[in-house]
Amino acid sequence: MQTIRGIPVSEGVIIGRVFLIEDNESLRVPRRSINAPDAPAEIERFEFARRAAIDELNELHATAADEMGKEAAKIFLFHIGAFNDPSILNPIRAMIEGELVTAEYASSAVLALLADKFAQHPDSTFQSKVDDLRDLASRLLRHLGGQKISTITDADEDQTVIVARDLTPSQTAGFDRDKVRGFVTDLGGKTSHTAIVASALGLPAVVGTRTLSKIARDGQSIIVDGSNGVVILDPDDETLDHYLLRVEQVRKARISLHELADLPAVTADGTKITLLGNIEFPEEIDLVLDDGGKGIGLYRTEFLYLTRNTLPTEEDHYQSYKQCVDRLNGLPLTIRTIDLGADKYTQLQSENPERNPFLGLRSIRYCLANLGLFRTQLRAILRASAHGPVRVMFPLVTNISEFRTGKYFLREEMENLDEQGIAYDRDIQVGMMLEVPAAALMANAFAREVDFFSLGTNDLVQYTLAVDRTNEQVASLYTPIHPAVLKLVRDVSRSARRHDIPISSCGASSGDPEFAALLIGLGIRTLSVTASGIPLLKQAIRGLTVEHCERIAKKAISYDSETEAAGYVRDRLRKLVPEVFERRPLD
Ligand code: PEP
Ligand code: MG
């Protein structure tokens, strides 16, 4: 038995089997020669592996289309197309025959050369395919090796735990949700994309284990405790019994929490708190509604880009947004314009990778530098607004000029739609994420111009504390309950009140009952969280009064030390709403 600790990012416990996702970088193939008479057989071996890979991709495509819709599944069509493309296949065959090398070497060399060319290409459509070419090489190599391919559709177990060094958003989106039950990665922090997707799916996840993917073996027995950040390989009988009990406790707690879904989210002294959902894909809306959410406070539209190989068209955007509006049936939808960059954009795809991507060309900056892409999205959002209550918000706004410029382009697109006689909501609300300390400090100025604020604590914490949110090595320094962060939240909340504009909070910590109590204490009445977090949050809210929250916030903000502040909040919450913490027994 081996116990490894990491960062807990998505609650729950799973007892399952390891499913290792190999690191593409490790797929280096030595050059091996073959004899001339063996060349035809070697080409036949390549053909056999190629056909097996296509069969597998067809299956993956069908599953993904069922699970996530046609758009998200398109990624596999590109892979299938590539395995039928003579401009890729002929050079591999020619190399086997001409240079008398193994099919493994020829495939990896040709695809690596192509990936390098794509990476250097000035057109971003080519750059965005680099990772896919690497994926193709790894799939082909495993088939050539006659090994079982590491795809989830092949897993016999239905208790599959994905173990990887890191996962790309497209990998995470490609998993069979009927089989995958948990995630563990070596890299990552509390709010990296694996964490966001795992919690959206309600699956336990631990990130930042640093070494697990090097130690774990395929098929090995594994326990993932996503509430405490513990991963156990080959558990002994006693540990297994302990966790079987925990699984049952969590299951029962989830059922009883789910019963809260229809109850109102009001504090014990009668103040209404609006609970909304955060989504990455339109399909998640059903989960949000099922868990009692009253609309969508954050739609992370960049996932439209991350799960496909071509740039989404205006129609692609529009169809996704329209689908959301239809599913919401009159409830509000807050669409955030794309937040590409930082951890949501593979630097490998870029011609000049940034040295500090979190401080680089991301979010609204990226949009204003890529106006075609921005305008396309704005038009689609406007068109969707004709069908139901839609709000639009810009991410990572730092300077007022960015907000004004973003709004200027929105207005221009309104005029274009007018000219074409296309309907949209003329009074569409335009807001901004508050996730940069500079913007938080200037909240009064922004409040005069925006229709609403949404606090993005994931980034606000990272930029205030100078802690990379995806870096496991500094994860212990990443804490939202820090007096400096609380002071910024307090000031932003006051500005919103003074200017009478709505404010909500949509960072991951808004779903943490301790931080949520502070947000309420600091005047925030709308929280937007992942679907699976809504019931627990509702339970906490129903057990607290606004006065409790205000007192706790006042005291927490007065500490000099973040550890003392966090310790104080933890103690108070455990006394006031012990039932919320009952299902998270410490090991
Ligand atoms: C945030 O920063 O808090 C946020 C909600 O945005 P994202 O996690 O997508 O950066
Ligand atoms: Mg953010």
Side-chain angles (χ1 to χ4, degrees), residues 7 9-10 169 172 188-200 205 207 275-281 284 288 293 296-307 334-345 357-367 391-398 402-403 431-440 452-471 475 478-482 485-486 488-489 492-493 503-512 515-516 518-519 524 526-531 533 537:
I7 305 162
V9 292
S10 183
T172 320
K190 263 199 184 305
T191 60
S192 50
H193 61 248
T194 304
I196 288 169
V197 172
S199 92
V207 302
L275 295 184
L276 307 173
N278 293 348
I279 58 162
E280 289 72 37
F281 304 102
E284 288 173 64
V288 171
I296 299 302
L298 168 66
Y299 177 12
R300 290 184 164 100
T301 57
E302 57 276 7
F303 277 77
L304 261 171
Y305 290 73
L306 299 173
T307 51
T334 310
I335 303 180
R336 180 176 72 182
T337 54
I338 48 167
D339 192 3
L340 289 173
D343 70 329
K344 292 179 203 140
Y345 180 68
F358 271 110
L359 301 181
L361 193 63
R362 65 169 292 205
S363 319
I364 188 72
R365 302 170 185 179
Y366 184 84
C367 287
R391 312 194 303 171
V392 56
M393 72 177 170
F394 303 137
L396 208 86
V397 174
T398 309
E402 289 165 337
F403 181 78
M432 66 180 271
M433 298 274 300
L434 260 157
E435 45 187 352
V436 178
F452 64 92
F453 281 153
S454 182
L455 271 167
T457 51
N458 298 340
D459 279 312
L460 189 63
V461 171
Q462 109 162 320
Y463 294 125
T464 306
L465 305 182
V467 178
D468 178 345
R469 60 191 263 192
T470 65
N471 184 341
Y478 186 97
T479 165
I481 305 185
H482 188 300
V485 175
L486 299 180
L488 289 176
V489 172
V492 169
S493 173
I503 177 166
S504 57
S505 180
C506 66
S509 41
S510 320
D512 173 352
F515 192 71
L518 292 170
L519 290 171
I524 293 176
T526 303
L527 306 174
S528 188
V529 303
T530 187
L537 196 51

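Both counts, for ligands and for their atoms, begin at 1 and track the order of listing. Values reported hereafter were calculated over all heavy atoms of this structure, with side chains retained and with hydrogens, waters and symmetry mates removed.
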* Asked: Could you go step by step and tell me if Ile279 and Val288 meet the side-chain contact (heavy atoms from CB on, under 4.5 Å) rule?
  -> CA-CA 8 Å; Ile279 58 162; Val288 171; 3.9 Å; yes
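Neither the backbone nor the side chain of Gln462 has any atom closer than 4.0 Å to an atom of ligand 1 (non-hydrogen atoms only). Contacts with ligand 1 closer than 4.0 Å are made by no heavy atom of Asn278, backbone or side chain.
In this structure Phe515 satisfies the ring-ring contact (aromatic ring centres under 6.0 Å, His included) test with no other residue, sequence neighbours excluded. Residues meeting the ring-ring contact (aromatic ring centres under 6.0 Å, His included) test with Phe403, sequence neighbours left out: Phe394.
When Leu396, Leu455, Asn458 are ranked by how near their heavy atoms come to atom 3 (O) of ligand 1, first place goes to Asn458.
For ligand 1 and Arg469, the ligand atoms under 4.0 Å from any heavy atom of the residue are 2 (O), 7 (P), 8 (O), 10 (O). Listed by number with element, the atoms of ligand 1 under 4.0 angstrom from any heavy atom of Met433 are 4 (C), 5 (C), 6 (O). The contact set between ligand 1 and Arg300, taken as ligand atoms under 4.0 Å from a residue heavy atom, comprises 4 (C), 5 (C), 6 (O), 7 (P), 8 (O), 9 (O). Of all atoms in ligand 1, listed by their number and element, those nearer than 4.0 Å to a heavy atom of Leu298 are 5 (C). Counting atoms of ligand 1 from 1 in the listed order, those under 4.0 Å from a heavy atom of Asp339 are 9 (O), 10 (O).
When each of Ser505, Pro480, Ser504 is paired with Ser510, the side chain to side chain contact (heavy atoms under 4.5 Å, CB included) condition holds for Ser505 and for no other.
Atom CG of Asp459 and atom CD of Glu435 lie 4.5 Å apart (nearest 0.5 Å). Note: Phe303 CZ to Thr301 OG1 = 10.0 Å, rounded to the nearest 0.5 Å. The CD1 atom of Ile196 sits 4.0 Å away from atom CZ of Arg300, with the distance rounded to the nearest 0.5 Å.
Among the atoms of Asp339, no N, O or S atom falls under 2.8 Å of the Mg ion (ligand 2).
Cation-pi geometry between Arg391 and Phe452 is satisfied (NZ or CZ under 6.0 Å from the ring centre, within 45° of the ring normal).
For the pair Arg336 and ligand 1, the shortest N or O to N or O distance falls below 3.5 Å.
Closest approach between the Mg ion (ligand 2) and any N/O/S atom of Asp459 involves OD2. Distances from the Mg ion (ligand 2) to the N/O/S atoms of Glu435 are shortest for OE1.
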